[in-house]
J.: 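Can you keep this structure in mind? I'll have questions shortly.
Heavy atoms only: backbone and side chains are in, while hydrogens, waters and symmetry mates are out.
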Amino acid sequence: MKNLNVAIPTPFHDDESLYLEGFNSIVEHLKNNGIESLLVSGSTGEQNSMSIDERLQIIDYFNKQNFQNIELMFGVSGARTRDAIKLMQALEKSVFDAILVQFPLYIQPSQKQAIAYVNELLSHTTKKVVLYNNPARTGFNLSVESLNELVSQQHSNLIGLKEEYNVKRHKNTQLPDDFIMFAGGDVDLIEKILGGCNGLSSMVGNVYPKEIKQILNDLLMKKPVDVYKINQLIDEVTHYQAVINIKEHYNSLGIKVGPCRSPIN
């Protein structure tokens with residue numbers, strides 16, 4: 001699996017309905033700029049503003065395209081386990097290479113319930129799976145012990161964690177050699193890589209794909225980097241609300257992605 005993916009926006013018409021054809025230009029633009037892996041229907045894709053049916057429509061649309069030489073990951077989140085299972089089952093028969101599993105919003109499951117949730121979803125797929133720990137948005141924080149338990153249950157397809165919390169807490173965790181600890185977003189990227197991340201799920205890569213790819217490679221190879229320049233690029237894209245800035249960027253290039261969904265449009 002690639003250690004850099006770019007979390008792309010979901011295109012909408014002006015009335016906020018899905019504009020599925022808009023994905024094509026985004027995919028081609030990023031491929032042409034050296035990006036080899038895309039995250040569809042993540043936070044930047046306004047995943048949680050969409051119904052399960054809308055997300056199934058996106059999966060079906062990608063199945064009908066002929067996107068080559070690009071790794072595709074799809075974000076799964078559901079307030080109910082049965083809704084998440086619908087997505088997992090659709091993805092199992094899809095062109096998507098991997099799945100990003102986010103914990104349910106607002107519900108705040110216990111660690112035991114979260115483990116059961118992941119185990120249930122993993123029973124419906126043979127695809128590669130990355131867990132997404134984002135306590136600021138979900139209200140739930142996957143513990144080090146829970147990650148250890150899930151990895152120890154011999155889920156051979158559980159190959160990564162997208163970590164939005166303190167990555168340093170995992171430094172003594174026994175993870176598989178090919179496990180990828182993705183930095184969740186670009187903010188504080190240098191600290192996250194120094195803290196133990198060996199991958200990045202990027203928003204800024206939508207606007208600066210070549211630069212972000214080079215920055216990550218340099219950081220992982222422990223080459224000198226221009227800290228000021230890196231932070232300048234990241235701040236430019238992530239200030240206020242990143243998804244608004246990203247959509248404005250694509251629209252300014254003539255790549256129609258439309259507005260964000262209210263109330264953030």
Side-chain angles (χ1 to χ4, degrees), residues 1-2 4-13 16-27 29-31 35-65 67 70-105 117-118 121-122 124-125 127-134 137-138 160-162 164 182 184-185 200-203 205-206 241-244 246-247 250 255-261 264-265:
M1 186 170 198
K2 309 297 182 185
L4 169 64
N5 62 73
V6 172
I8 64 173
T10 299
F12 297 122
H13 291 290
E16 299 185 9
S17 61
L18 289 176
Y19 172 48
L20 295 170
E21 294 81 2
F23 280 114
N24 296 61
S25 296
I26 298 172
V27 173
H29 173 72
L30 292 175
K31 277 178 58 179
I35 299 301
E36 301 172 294
S37 181
L38 303 178
L39 170 59
V40 180
S41 185
S43 299
T44 308
E46 299 176 78
Q47 174 198 74
N48 293 292
S49 77
M50 294 188 286
S51 67
I52 298 300
D53 181 63
E54 285 178 317
R55 287 178 250 181
L56 290 172
Q57 288 179 51
I58 293 173
I59 295 169
D60 184 59
Y61 181 79
F62 271 78
N63 287 339
K64 295 173 181 176
Q65 305 310 302
F67 296 131
I70 191 82
E71 180 182 77
L72 296 172
M73 184 188 305
F74 194 91
V76 166
S77 175
R80 298 188 305 172
T81 301
R82 67 173 62 185
D83 288 336
I85 289 172
K86 285 182 184 178
L87 295 171
M88 298 296 285
Q89 290 172 333
L91 288 163
E92 179 66 8
K93 299 174 286 186
S94 76
V95 298
F96 283 88
D97 303 287
I99 302 170
L100 181 73
V101 171
Q102 177 183 326
F103 294 97
L105 297 175
Y117 175 78
V118 172
L121 296 192
L122 285 171
H124 293 275
T125 188
K127 304 271 186 177
K128 296 174 182 178
V129 172
V130 175
L131 301 181
Y132 185 15
N133 186 51
N134 191 351
R137 289 182 183 264
T138 65
L161 174 69
K162 180 177 176 179
E164 292 273 9
F182 289 97
L200 168 63
S201 187
S202 176
M203 300 175 292
N206 285 285
Q241 287 180 321
V243 65
I244 292 177
I246 289 165
K247 285 199 161 182
Y250 278 119
I255 298 173
K256 182 185 174 185
V257 296
C260 298
R261 281 183 163 173
I264 65 168
N265 59 7

J.: Less than 4.5 Å apart, any side-chain heavy atom of Phe62 and any of Ile59?
T.: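 No, every pair of side-chain atoms sits at 4.5 Å or beyond.
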
J.: At their closest point, which heavy atom of Leu39 faces which heavy atom of Ser201, and how far apart are they?
T.: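 The answer is CD2-OG, 3.9 Å.
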
J.: Does Lys256 qualify as a cation-pi partner of Tyr19, given the criterion of NZ or CZ under 6.0 Å from the six-membered ring centre and within 45 degrees of its axis?
T.: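 Flagged: Lys256 positioned over aromatic ring of Tyr19.
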
J.: Which atom pair, heavy atoms only, marks the closest approach of Ile70 to Ser37?
T.: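 Answer, listing the atom of Ile70 first, then Ser37: CD1-N, 3.8 Å.
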
J.: For the residue pair Gln102 and Ser43, what are the closest heavy atoms and their distance?
T.: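 Nearest heavy atoms, Gln102 then Ser43: OE1-OG, 4.5 Å.
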
J.: Do Asn265 and Glu16 touch side chain to side chain, with heavy atoms closer than 4.5 Å?
T.: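 Of all side-chain heavy-atom pairs linking Glu16 with Asn265, at least one is under 4.5 Å.
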
J.: How about Leu121 and Ile85: do any of their side-chain heavy atoms sit closer than 4.5 Å?
T.: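 Side-chain contact under 4.5 Å: yes.
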
J.: Report yes if the side chains of Gln57 and Met50 come closer than 4.5 Å at any heavy-atom pair, otherwise no.
T.: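 Side-chain contact under 4.5 Å: no.
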
J.: Which of parallel (below 30°), tilted (30 to 60°) and perpendicular (above 60°) describes Phe74 and Phe96?
T.: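 Perpendicular, since the angle between the ring planes exceeds 60°.
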
J.: Between Asn5 and Glu71, is the side chain to side chain donor-acceptor pair (under 3.5 Å) condition met? List the steps.
T.: CA-CA 8 Å; Asn5 62 73; Glu71 180 182 77; over 6 Å; no

J.: Looking at OG1 of Thr125 and CE of Met88, how far apart are the two atoms once the value is rounded to the nearest 0.5 Å?
T.: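 Going from OG1 on Thr125 over to CE on Met88, the span is 4.5 Å.
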
J.: Could you give the distance from OG1 (Thr10) to CZ (Arg55), rounded to the nearest 0.5 Å?
T.: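 Between Thr10 OG1 and Arg55 CZ, I get 10.0 Å after rounding to 0.5 Å.
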
J.: Does any part of the side chain of Leu87, heavy atoms only, come nearer than 4.5 Å to the side chain of Leu56, both counted from C-beta?
T.: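 Sidechains of Leu87 and Leu56: in contact.
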
J.: Just wondering, do Ile35 and Leu4 contact through their side chains at under 4.5 Å, heavy atoms?
T.: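 They are in side-chain contact.
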
J.: Evaluate side chain to side chain contact (heavy atoms under 4.5 Å, CB included) for Lys127 paired with Ser94, printing each intermediate quantity in order.
T.: CA-CA 10 Å; Lys127 304 271 186 177; Ser94 76; 4.3 Å; yes

J.: Check whether Thr138 reaches the backbone of Asn134 with its side chain - one donor and one acceptor, N or O, closer than 3.5 Å.
T.: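 Flag set: sc Thr138 to bb Asn134 pair under 3.5 Å.
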
J.: Decide whether a cation-pi geometry holds between Lys162 and Tyr132; the criteria are a distance under 6.0 Å from NZ or CZ to the six-membered ring centre and an angle within 45° of the ring axis.
T.: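 Yes, Lys162 and Tyr132 form such a contact.
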
J.: Might you point out which heavy atoms bring Pro9 and Asn206 nearest each other, and give the distance in Å?
T.: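 Closest pair (atom of Pro9, atom of Asn206, distance): CD-OD1, 3.6 Å.
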
J.: Evaluate the ring planes of Tyr250 and His29, with Trp represented by its six-membered ring, and classify them as parallel (under 30°), tilted (30 to 60°) or perpendicular (over 60°).
T.: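 Tyr250 vs His29 ring planes: perpendicular.
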
J.: Quick check against the 3.5 Å criterion: does Lys31 have a side-chain atom that pairs as donor or acceptor with the backbone of Phe67?
T.: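 Judged by distance alone, no pair lies under 3.5 Å.
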
J.: Can you tell me how far apart CG (Leu72) and CD1 (Ile99) are? Round to the nearest 0.5 Å.
T.: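 Reported to 0.5 Å precision, the distance equals 12.0 Å.
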
J.: Do Asn133 and Leu161 touch side chain to side chain, with heavy atoms closer than 4.5 Å?
T.: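 Side-chain contact under 4.5 Å: yes.
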
J.: Between Gln47 (side chain only) and Ser41 (backbone N and O only), is there a donor and an acceptor less than 3.5 Å apart?
T.: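 Yes; at least one donor-acceptor contact below 3.5 Å.
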
J.: Do you know which two heavy atoms are closest between Ser17 and Arg261, and how far apart they sit?
T.: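 That closest heavy-atom pairing would be CA-NH2, 4.3 Å.
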
J.: So do Phe12 and Val257 actually touch side chain to side chain, heavy atoms under 4.5 Å?
T.: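 Contact flag for Val257/Phe12 side chains = no.
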
J.: Gly205 and Ser202: which non-hydrogen atoms are nearest, and at how many Å?
T.: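 Smallest heavy-atom distance, with atoms named: N-OG, 2.8 Å.
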
J.: Take Glu46 and Lys247 through the salt bridge (charged side-chain N to carboxylate O under 4.0 Å, His left out) test and state the conclusion after the steps.
T.: CA-CA 11 Å; Glu46 299 176 78; Lys247 285 199 161 182; 2.9 Å; yes

J.: Is there a side chain to side chain contact (heavy atoms under 4.5 Å, CB included) between Ile8 and Thr44? Walk through the geometry before answering.
T.: CA-CA 6 Å; Ile8 64 173; Thr44 308; over 6 Å; no

J.: Say you draw a straight line from CD1 of Ile255 to CZ of Phe23; how long is it, rounded to the nearest 0.5 Å?
T.: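 The CD1 atom of Ile255 sits 13.5 Å away from the CZ atom of Phe23.
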
J.: When rounded to the nearest 0.5 angstrom, what distance separates CD in Glu21 from NE2 in His13?
T.: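 Glu21 atom CD to His13 atom NE2 measures 6.5 Å (nearest 0.5 Å).
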
J.: Can you tell me how far apart CG (Asn63) and CG (Leu91) are? Round to the nearest 0.5 Å.
T.: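 The CG atom of Leu91 is 8.5 Å from CG of Asn63, to the nearest 0.5 Å.
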
